[in-house]
Amino acid sequence: MGLTPLDAVSLGQRRTPVQLAETARKKMAESAVAVAEIALHRPVYGRTTGVGANRDVLTSDPEHGARLLKSHSTTGTTSYPKDVVRLGLLIRVNQLAAGGSGLAPEVADAIVGLLNNDALPDLHRGGAIGTGDLGPLAELGLALGDVIDGTSALPLLSSNALTLADTCLAYVEAATLINVVPLVGALSHVALRGNAEVYDERVHEARPQPGQVRVARRMRGLLDDLPLPPARVQDPFGLRAFAQVLGPAVDHVDALGNALMIDINASAENPLVAGDTVLHNGNWHAMPIALALDSLRLSLHSVATLSTSRVANLVDPDFTGLSRFLASGAEASSGVMMIEYVAHDALASVRSTAQPATLGTATLSRGAEHHASFAPQAAVLTAQLLDALRDVLACELVTAVRAVRLAGIEPDQLAPASVGPWLADALAALPGDLTDRSLRDDLEIGRGLLTQWGDRQVEHPAESG
């Protein structure tokens, strides 16, 4: 209990052994006894009834649970990655530990056994639309074998655990990647001789949007006392609105982290066993997660767009005083001309994956279920967008560093501003050859630098104050 998304991902990646706490075991045992007694006196969804539109069909068939698992294990053919499965099982155990499912502690023990023995079942995508990960969790139920009896199948399925696992991984990637955007932006600021007035504390006190204030503070930390005089009174939007565009993305990373923190620790069960009663409810609906993911992607699209605008400025001699396309050598050399094309190709991927998944609609099971959040789709789109955003930022990084090389700016010339060591790191990693050649390897190095820099950051914006 009390897992943060970052802790959950770290536990899953380290394959740390887990066990069910005695307090959790007691809660689960008590809820299992309670729901068995309640079911003697009133219908309990999925336990003494069918599911979906069959909710009004009573059953006492001891094979009901087994049939439910078999039928609901209908999925697509694409397997979840093992890290998602491991994290999903960890999250489901953590939810069950809250004691609201009515499942016996032996079920959680069996899942813990799969985790600790690294005997992960092959779970598949497909069929989950943000109203519970029914298909893959039914596959999990089949993998648990005799531990699941006729009354415990449906409670196991009442979770978005796999979707939450996908989302946790996307959240950590977003929190890490967004933390290096200021480093790339600071290098562009140096190359373009930007005007740091835009980060003055008084500007952001006048409009104290939380994420914007944090980004401006970070940029002041990188650029304060930069000895290069600004080239313009007022910069283009890519520099001037940097904090105002990146700030909302930081806020949306926060919002996603907060929503995840609640759901991975919640007893979001249907029906919920609450003392001596059961409450049929809609906590299986993943709209908070889906909306947080959609909002994050939309905000990151603007971050990517502004990055490509800085690339456009960097290849323009009107802004840099350098050669067209930062070319060097023979006349009409192309320099980094193609990087703009690569950046806009990646931006197109960002744009297409930024479309809100929550605009989808579904009416299922003879009209009994007529809404879905499409959170699983939102999580997959977010992972795809983050990969494309990394390409966009790599394009900006490579272009900015090349502009700095052409301008003859050395890292020690930037002291006492703290952007200098980051420039030194990039100059050491990226090739110094400025002749016309394929820049594919440079961009791959740029992607690697973004990963390294992200790993070196101590603070995750979405988890700091």
Next on the checklist: Just verifying a value: how many Å separate Ile339 CD1 and Leu439 CG, rounded to the nearest 0.5 Å?
Outcome noted: 4.5 Å
Checklist entry - Does the side chain of Asn195 pick up a donor-acceptor pair with the side chain of Arg240 at under 3.5 Å? => result no
Next on the checklist: Applying salt bridge (Lys or Arg N to Asp or Glu O under 4.0 Å) as the test, list every pair that has at least one member in residues 332-351; sequence neighbours left out.
Outcome noted: none
Next on the checklist: So does Gly221 get a backbone contact from the side chain of Ser418, meaning a donor-acceptor N/O pair under 3.5 Å?
Outcome noted: yes
Next on the checklist: Please report the interatomic distance CG(Asn313) to CG(Leu239), rounded to the nearest 0.5 Å.
Outcome noted: 6.5 Å
Checklist entry - Does the Ser333 side chain pair with the main chain of Ala330, one donor and one acceptor, at a distance under 3.5 Å? => result yes
Checklist entry - Are Leu406 and Thr320 close enough that some pair of their side-chain heavy atoms sits under 4.5 Å apart? => result no
Checklist entry - How long is the gap from CZ on Arg232 to CZ on Phe319, to the nearest 0.5 Å? => result 6.5 Å
Item to check | Sub-4.5 Å side-chain heavy-atom contact between Leu164 and Leu260 | outcome: yes
Checklist outcome for this item: For Ala165 and Gly88 the tightest heavy-atom approach is CB-N, 3.5 Å
Next on the checklist: Looking at every heavy atom in both Leu296 and His252, which two are closest together, and how far apart are they?
Outcome noted: CA-CB, 3.9 Å
Checklist outcome for this item: The salt bridge (Lys or Arg N to Asp or Glu O under 4.0 Å) partners of Asp200 (sequence neighbours excluded) come to Arg202
Item to check | Spacing of CG belonging to Leu103 relative to CD belonging to Gln95, to within rounding of 0.5 Å | outcome: 11.5 Å
Next on the checklist: Here's a test for you: under side chain to side chain contact (heavy atoms under 4.5 Å, CB included), which of Val18, Val112, Asp109 qualifies with Val93?
Outcome noted: Val112
Next on the checklist: Less than 4.5 Å apart, side chain to side chain, heavy atoms only: is that true for Leu322 and Pro317?
Outcome noted: no
Checklist entry - Is the closest side-chain heavy-atom distance between His344 and Val392 below 4.5 Å? => result no
Checklist entry - Would you say His301's side chain and Gln355's backbone share a donor-acceptor pair under 3.5 angstrom? => result no
Item to check | Thr163 versus Asn160, side-chain donor and acceptor atoms under 3.5 Å | outcome: no
Checklist entry - Who are the side-chain contact (heavy atoms from CB on, under 4.5 Å) partners of Ala388, not counting sequence neighbours? => result Ser349, Val350
Next on the checklist: Parallel, tilted or perpendicular, judged at 30° and 60°: which one describes the rings of Tyr199 and Phe242?
Outcome noted: perpendicular
Next on the checklist: Could you walk me through whether Leu226 and His189 satisfy the side chain to side chain contact (heavy atoms under 4.5 Å, CB included) test, starting with their C-alpha distance in whole Å, then the side-chain angles of each, then the deciding distance to 0.1 Å, before giving a yes or no?
Outcome noted: CA-CA 10 Å; Leu226 188 68; His189 181 101; 4.0 Å; yes
Checklist outcome for this item: For Ala119, the side-chain contact (heavy atoms from CB on, under 4.5 Å) test, sequence neighbours excluded, returns Leu114, Asn117
Item to check | Set of ring-ring contact (aromatic ring centres under 6.0 Å, His included) partners for His124, sequence neighbours left out | outcome: none
Item to check | For Met287 against Thr358, the heavy-atom pair lying closest together | outcome: SD-CG2, 3.9 Å
Checklist entry - Is there a donor-acceptor pair under 3.5 Å between the side chain of Asp133 and the backbone N or O of Leu157? => result no
Next on the checklist: Regarding Ser79 and Arg125, do their side chains bring together a donor and an acceptor under 3.5 Å, going by distance alone?
Outcome noted: no
Next on the checklist: Quick one, Leu423 and Val404 - any side-chain contact, counting heavy atoms below 4.5 Å?
Outcome noted: yes
Next on the checklist: Quick one: does any side-chain atom of Asn265 pair with a main-chain N or O of Leu3 as donor and acceptor, under 3.5 Å?
Outcome noted: yes
Checklist entry - Do Glu201 and Arg217 sit within salt-bridge range, that is, some charged N less than 4.0 Å from a carboxylate O? => result no
Checklist entry - Does any N or O in the side chain of Asp436 come within less than 3.5 Å of the main-chain N or O of Ser334, such that one atom is a donor and the other an acceptor? => result yes
Item to check | Shortest non-hydrogen contact between Pro431 and Ile445, atoms and distance | outcome: CD-CD1, 4.0 Å
Checklist entry - Can you name the residues that form a side-chain contact (heavy atoms from CB on, under 4.5 Å) with Ser71, not counting sequence neighbours? => result none
Checklist entry - With no hydrogens and no angle check, is any side-chain donor or acceptor of Ser295 less than 3.5 Å from a backbone partner on Ala292? => result no
Checklist entry - Can you tell me how far the CE atom of Met337 sits from the CG atom of Leu326, to the nearest 0.5 Å? => result 11.0 Å
Next on the checklist: If you define the side chain from C-beta out and look only at heavy atoms, does anything of Thr353 sit under 4.5 Å from Val380?
Outcome noted: no
Checklist entry - Can you name the closest pair of heavy atoms from Glu139 and Ser73 and give their distance? => result CG-CB, 4.0 Å
Item to check | Ser158 side-chain N/O to Asn270 backbone N/O, donor-acceptor pair under 3.5 Å | outcome: yes
Item to check | Of Val184, Val311, Leu187, the residue whose pairing with Thr399 passes side chain to side chain contact (heavy atoms under 4.5 Å, CB included) | outcome: Val311
Checklist outcome for this item: Distance col, row Leu222:CG vs Trp422:CH2, nearest 0.5 angstrom, shows 8.5 Å
Item to check | salt bridge (Lys or Arg N to Asp or Glu O under 4.0 Å) contacts in which one or both residues fall within residues 72-92, not counting sequence neighbours | outcome: Arg86-Asp118, Arg92-Glu269
Next on the checklist: Check this for me, if you would: do Asp442 and Arg447 make a salt bridge, where the nitrogen-to-carboxylate-oxygen distance has to be below 4.0 angstrom?
Outcome noted: no
Checklist entry - Which pairs pass salt bridge (Lys or Arg N to Asp or Glu O under 4.0 Å) with one or both residues in residues 301-330, sequence neighbours excluded? => result Arg310-Glu396
Next on the checklist: Can you list everything that forms a side-chain contact (heavy atoms from CB on, under 4.5 Å) with Ala378? Sequence neighbours excluded, please.
Outcome noted: Leu293, Asp294, Arg297, Ala357
Item to check | Any side-chain heavy-atom pair of Glu205 and Val213 under 4.5 Å | outcome: no
Checklist entry - In this structure, are over 12 heavy atoms from other groups packed under 6.0 Å from Gln413 atom CD? => result yes
Next on the checklist: Run the side-chain hydrogen bond (donor to acceptor under 3.5 Å, both in side chains) test against Arg220 and tell me which residues pass, sequence neighbours left out.
Outcome noted: none
Next on the checklist: I'd like to check Met219 versus Val419 (side-chain heavy atoms, cut-off strictly below 4.5 Å). Are they in contact?
Outcome noted: no
Checklist entry - How close do Cys395 and Val342 get, heavy atom to heavy atom, and via which atoms? => result SG-CG1, 3.8 Å
Item to check | Test salt bridge (Lys or Arg N to Asp or Glu O under 4.0 Å) applied to Asp425 - qualifying residues, sequence neighbours left out | outcome: Arg456
Next on the checklist: By the salt bridge (Lys or Arg N to Asp or Glu O under 4.0 Å) test, which pairs, at least two apart or in different chains, include something from residues 408-417?
Outcome noted: none
